[in-house]
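Structure first, commentary second.
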Amino acid sequence: MSGELRAVLFDMDGTLVDTEGMWWQACAAVAAESGLELTEADAGHVLGRPVEHVAAHLVRRASSTAPDVSALLGGADAVERVGARLTDAFAERIAGGVTPLPGAIRLLDDLGAGGVPAALVSASPRRIVDMVLQTVGAERFTLVVAAEDTARGKPLPDPYLRAAAELGVDPGECVAVEDSPTGLAAARAAGCRVVSVAGGTAREGVLAVDGLEKVDLPLLRQLANGQRSIG
């Protein structure tokens, strides 16, 4: 898996922009419409997951804990309806603008100056991605892969495999930048090396840092070349 750095593949929410809290709030608000309260136990089904997965999770919870609640249940299209509500609630929260995380714009611009393609690989619907790109700048990305672009989302590797294929590069020549266990699993399953901006423990093929401020092009090239940690 070592070699030249051919592309950098970025997650969006919680990695490039500070929207993960907004997503959690949107999910909590939709859940509350049916008397459900999100807890830490729900995090693995909410953070870094496609809207359809979160919607199905909320419908399952409502089915088991509040089967008489009609806001979520009452038809075969329950998951679709909840998914639409989640997207609307999230869009309402980001409509006022989003904040790029420290180091994000600088790193994207450094990649552009260095001739390294950047792709956005997000579990969010394209409607949301397009709103965020108004702040981050769509021109900074060679490619955008949104939730609708693959039949299966993270933690499966499909979004990263699609990004690499469309860029015409091998996944092993890409570095993915992620913040969630779900995203890390997807990128690793695709064969990418990974920068985890949420910290944690470095391991083979994964460099753990506590933010994009500590990531630059030379570091990414070292990671692509097989260096596990940067001293």
Side-chain angles (χ1 to χ4, degrees), residues 10-67 69-102 104 120-138 141 144-156 159 177-186 197-198 212:
F10 289 91
D11 173 55
M12 186 178 76
D13 299 304
T15 299
L16 288 176
V17 288
D18 188 15
T19 53
E20 204 161 71
M22 296 180 184
W23 174 240
W24 181 268
Q25 292 167 11
C27 294
V30 173
E33 293 172 1
S34 295
L36 301 176
E37 180 180 356
L38 291 187
T39 70
E40 185 64 29
D42 296 297
H45 290 285
V46 171
L47 300 179
R49 294 283 192 168
V51 169
E52 294 80 7
H53 179 95
V54 182
H57 173 66
L58 294 181
V59 170
R60 283 194 302 270
R61 276 202 58 194
S63 298
S64 61
T65 62
V69 175
S70 60
L72 282 179
L73 304 179
D77 64 343
V79 171
E80 182 178 347
R81 288 187 288 109
V82 174
R85 281 289 301 119
L86 289 169
T87 300
D88 287 345
F90 192 31
E92 290 168 6
R93 285 162 174 78
I94 67 173
V98 297
T99 303
L101 287 166
L120 188 63
V121 183
S122 177
S124 290
R126 188 162 291 274
R127 169 188 173 191
I128 300 297
V129 171
D130 287 345
M131 293 175 70
V132 171
L133 285 176
Q134 293 177 19
T135 296
V136 178
F141 299 94
V144 174
V145 176
E148 297 91 337
D149 295 325
T150 56
R152 305 185 305 175
K154 304 174 185 180
L156 295 170
V177 185
E178 275 282 358
D179 74 309
S180 70
T182 300
L184 289 170
V197 296
L212 286 175

Quiz item: Pick one: which of Ile94, Asp88, Thr87, Leu86 meets side-chain contact (heavy atoms from CB on, under 4.5 Å) with Phe90?
Solution: Ile94
Quiz item: What pairs with Ser180 under side-chain hydrogen bond (donor to acceptor under 3.5 Å, both in side chains), at least two apart in sequence or on another chain?
Solution: none
Exercise. Of all the heavy-atom pairs spanning Pro50 and Gly153, show the shortest one and how long it is.
Key: CG-CA, 4.0 Å
Quiz prompt | Residues that Ala91 engages under side chain to side chain contact (heavy atoms under 4.5 Å, CB included), provided they are two or more places apart | solution = Arg127, Ile128, Met131
Self-check item: From NE2 (His57) to NE2 (His45), nearest 0.5 Å
Solution: 5.0 Å
Quiz item: Side-chain contact, heavy-atom cut-off 4.5 Å: Asp13 with Trp24?
Solution: no
Quiz item: Aromatic rings Phe10 and Phe141: how do their planes relate, parallel, tilted or perpendicular, breaks at 30° and 60°?
Solution: perpendicular
Quiz item: Between atom SG of Cys27 and atom CZ of Arg49, what is the distance when rounded to the nearest 0.5 Å?
Solution: 12.5 Å
Quiz item: Considering only heavy atoms from C-beta outward, does the side chain of Pro159 approach that of Asp149 to under 4.5 Å?
Solution: no
Quiz prompt | Euclidean distance, Glu148 CD relative to Glu52 CD, rounded to 0.5 Å | solution = 7.5 Å
Quiz item: Considering only heavy atoms from C-beta outward, does the side chain of Thr99 approach that of Thr135 to under 4.5 Å?
Solution: no
Self-check item: Nearest heavy atoms of Thr15 and Glu178, plus distance in Å
Solution: OG1-C, 3.7 Å
Quiz prompt | Where Val79 and Ala55 come nearest, the two heavy atoms and their spacing | solution = O-CB, 3.4 Å
Practice problem: Could you tell me the separation between the OG1 atom of Thr19 and the CE atom of Met12, rounded to the nearest 0.5 Å? | Solution: 5.5 Å
Practice problem: Report yes if some heavy atom in the side chain of Leu58 is under 4.5 Å from a heavy atom in the side chain of Asp42; otherwise report no. | Solution: no
Quiz prompt | Any donor-acceptor pair under 3.5 Å from Thr39 side chain to Ala41 backbone | solution = yes
Self-check item: Nearest non-hydrogen partners of Trp23 and Val46, listed with the distance
Solution: NE1-O, 2.8 Å
Quiz item: Rounded to the nearest 0.5 Å, how far apart are CG of Leu38 and CZ of Arg61?
Solution: 6.5 Å
Quiz item: Shortest non-hydrogen contact from Ser124 to Ala146?
Solution: O-CB, 3.7 Å
Quiz item: Knowing that exactly one of Asp130, Val121, Leu120 qualifies, which makes a side-chain contact (heavy atoms from CB on, under 4.5 Å) with Val144?
Solution: Leu120
Self-check item: Closest non-hydrogen atom pair, Ala26 against Arg93
Solution: N-NE, 3.7 Å
Quiz item: Quick one: does Arg85's side chain have a donor or acceptor within less than 3.5 Å of a partner on Arg81's backbone?
Solution: no
